[in-house]
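Worksheet for the structure shown next.
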Amino acid sequence: MTSIARSVGAALATPVRYATRRWTRSMSLRVVVSTLVMGIGTVALLGAYVTTQIRDGLVDNRVDRVLAESARDAATAQERAETSTAANPQDLQQFVYVLQTELRALGGESRGLVMLRSPDNTSAVPLTIGESTTGLRLAVSSDMRDAVADGVAQPWQFVTLPSTGDPGIVVGSQFDIPVAGAYELYFVYSLADEQSTLALIQQVLALGAAVLVALVVAMTWFVTSQAVRPVRQAARVASRLAEGRLSERMTVRGHDEMATLAQTFNEMAESLQRQITRMEHLSRLQRRFVSDVSHELRTPLTTVRMASDVLHDARDGFPPHVSRSAELLSTQLDRFEALLSDLLEISRIDAGAAPLEFEEVDLADVVRDEVEAMLPIAGDMGVEIRLHVAAGGHTASIDRPRVGRIVRNLLSNAIEHCQEGAVDVAVRADRRGVAVVVRDYGLGLTTHQVERVFDRFWRADSARARTMGGTGLGLSIAREDAVLHDGRLEAWGQPGKGASFRLLLPRTSEGLGSNAPLPLVMREKDFEAAGPRVDFASTLVSPSAEGGQP
């Protein structure tokens, strides 16, 4: 039973999801369905009210006629009985037979007759009495007989006729026959004609209601379509504008409100096109300016570098303050060269001209090389780097220098802000992607800082000096490099609890899945569970090794 219920639930889930999607995405459907429901409800209530009023009117009129007719015929029968000269049983029986025949003729086919001997009749004269139709006596209930016996004036009640099942009315009266004693006379009327009339009226009302609802739905659909069509066109044009097709415009027809909407929308699109074109022009000029300035500065910078190297090599023969100036000049030139390099890279990325050379590389090897290169710097700053690599392959098609630069930037950022603590690094892959998480336990980041950490030249603490000579573009370039690989670079931080950065890169053409190989926020024990720790104790690292100091 459980499997059957599960199968039925699965079979119903698809149409329910489709109906829900259609309901939420179509304003026309919602308006038409709402109008249909309200229309059917209104027509049903109105039809029920009209039908009830008609039924009550038909029944009340019929009851009034039945009571008047039965009272008249009962009075006539009693008068005939009182004026009859029959005295012996044979004459009395003939009188009763003639009276029943006359009463049946007066009532017609729609009325039956039942005559019963009253329970308190003690007369010794036997009379053959009965009913006009076989089985009609069943329509007379015990309550009706009790009411007649109690002397209630013209009691009546609704009944169901035994022979046909049609609704009917029974009217009773006391009938005294001289010599023969007391009898009960019951007139049974059929309401079949009224029921047929009511059924016909209901059919007409139902047909009229169906036509009315259909007309309301058709008019609603037409009016809604007239109102929604320009909105749909505006949505299509807006979608094309979002795709970069800035020449798209709405068609303007007439001079009504929709035409005004289309005209206003077109004016907005033209204004946006002008603004975007102007911004693109300014962006191209800015990128060209940055690129030109960066290139033009290369030549004088090379000359200054040569002079600085000469001064730096001869600084031992200078007075102390001159020697210190030579060292500062060399350090700032190093930073200036790094800044020019980053500016050139940013200009290439903005221009969409960043060169990529993909190759199949094990990302764990890239991370291991970068960690080894950062170990001397971390050691000098009292920072321990702990690398955990999960078992299995971590191969992906990447541009190794760019991915190495991402990892290097994350490591240098973590080392600078961990406050002589530890930096944990984990690498893990699944079928669709590979993840690298770099976590420190230092200063941390606020929610606002997390939102801005990838902005160019932004610093979490502008008053804090850089200890590793960063340019302020490292994380920005790292995120752009991740995007160039169809990946993601994400950040998390909490004041006093450190920060975490996660690099996600796809391994297949399917792209990144919804489930990442590693979570963004990891605790120390999570890193231990992510994979065995890599031992760098026996590794000799040279400051000039590949992937060295950023």
Side-chain angles (χ1 to χ4, degrees), residues 47-81 95-121 127-177 180-206:
Y49 175 77
V50 172
T51 301
T52 301
Q53 293 298 315
I54 294 176
R55 181 198 62 196
D56 293 345
L58 289 174
V59 172
D60 291 344
N61 291 335
R62 179 61 169 163
V63 169
D64 292 341
R65 293 198 304 271
V66 164
L67 293 178
E69 182 180 328
S70 60
R72 181 197 64 199
D73 292 347
T76 301
Q78 186 62 49
E79 183 180 352
R80 291 283 305 277
F95 167 74
V96 169
Y97 174 76
V98 173
L99 180 61
Q100 288 179 342
T101 301
E102 292 178 354
L103 290 176
R104 291 169 187 167
L106 289 174
E109 297 181 357
S110 64
R111 187 178 74 176
L113 181 66
V114 177
M115 183 178 290
L116 300 175
R117 185 184 179 95
S118 180
D120 56 355
N121 189 341
L127 294 178
T128 302
I129 56 177
E131 52 198 359
S132 60
T133 303
T134 303
L136 192 60
R137 183 179 299 179
L138 298 175
V140 181
S141 65
S142 58
D143 294 337
M144 176 63 71
R145 297 200 65 183
D146 292 341
V148 173
D150 292 341
V152 177
Q154 203 177 16
W156 66 276
Q157 69 177 174
F158 291 108
V159 297
T160 300
L161 301 183
S163 58
T164 62
D166 295 330
I169 301 175
V170 175
V171 182
S173 63
Q174 190 75 31
F175 179 54
D176 294 325
I177 302 177
Y183 284 83
E184 298 172 359
L185 187 62
Y186 296 97
F187 299 101
V188 182
Y189 292 85
S190 174
L191 296 180
D193 293 340
E194 284 74 13
Q195 186 179 31
S196 300
T197 302
L198 183 62
L200 178 61
I201 293 174
Q202 289 176 336
Q203 292 177 359
V204 173
L205 289 176

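Note that the structure is predicted; figures quoted are calculated from it, not measured.
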Kindly list each side-chain donor-acceptor pair under 3.5 angstrom involving residues 67-76, sequence neighbours excluded, with atom names and distances?
| unit_1 | atom_1 | unit_2 | atom_2 | d |
| --- | --- | --- | --- | --- |
| E69 | OE2 | R111 | NH1 | 3.3 |
| S70 | OG | V66 | O | 2.8 |
| S70 | OG | L67 | O | 3.1 |
| S70 | OG | Q154 | NE2 | 2.8 |
| D73 | OD2 | R111 | NH1 | 2.4 |
| D73 | OD2 | R111 | NH2 | 2.9 |
| T76 | OG1 | R72 | O | 2.9 |

Value rounded to 0.5 Å, distance of CE in M144 from OH in Y186: 7.0 Å

To the closest 0.5 Å, what do you measure between CE (M115) and CD (E184)? 11.0 Å

Which atom pair, heavy atoms only, marks the closest approach of E194 to R65? OE2-NH2, 3.7 Å

State the CD1-CD distance between I177 and Q78, to the nearest 0.5 angstrom. 8.5 Å

Okay, side chain of E131, backbone of R137: is any donor-acceptor separation there less than 3.5 Å? yes

Interatomic distance, R62 atom CZ to T197 atom OG1 [nearest 0.5 angstrom]: 10.5 Å

Over all atoms of both residues, closest heavy-atom pair of A139 and V159: O-CG1, 3.6 Å

Sole residue of V59, T52, I54 in side chain to side chain contact (heavy atoms under 4.5 Å, CB included) with D56: T52

Does atom CD of Q53 have more than 12 heavy-atom neighbours from other groups under 6.0 Å away? yes

Walk me through whether S190 and L161 qualify under side chain to side chain contact (heavy atoms under 4.5 Å, CB included). CA-CA 8 Å; S190 174; L161 301 183; 3.7 Å; yes

Can you list the steps and then say if I169 with L191 is a side chain to side chain contact (heavy atoms under 4.5 Å, CB included)? CA-CA 7 Å; I169 301 175; L191 296 180; 3.9 Å; yes

Atom CG in L116, atom CZ in R145: separation rounded to 0.5 Å? 4.5 Å

When every non-hydrogen atom of Q202 is compared with those of T51, the smallest separation belongs to NE2-CG2, 3.1 Å

Kindly give the heavy-atom pair with the smallest separation between L136 and L113, and that separation in Å. CD2-N, 3.8 Å

Under 3.5 Å donor-acceptor, S118 side chain and N121 backbone: no

Got more than 12 heavy atoms from elsewhere within 6.0 Å of OH, Y97? no

Output for pair (L205 CG, Q203 CD), nearest 0.5 Å, gives 10.5 Å

Partner of Q100 under side chain to side chain contact (heavy atoms under 4.5 Å, CB included), chosen from V98, V96, L103: V96

Checking side chain to side chain contact (heavy atoms under 4.5 Å, CB included) for the pair W156/V170: CA distance, chi angles, key distance, verdict? CA-CA 5 Å; W156 66 276; V170 175; over 6 Å; no

A180 versus L127, closest heavy-atom pair with distance: CB-CD1, 3.4 Å

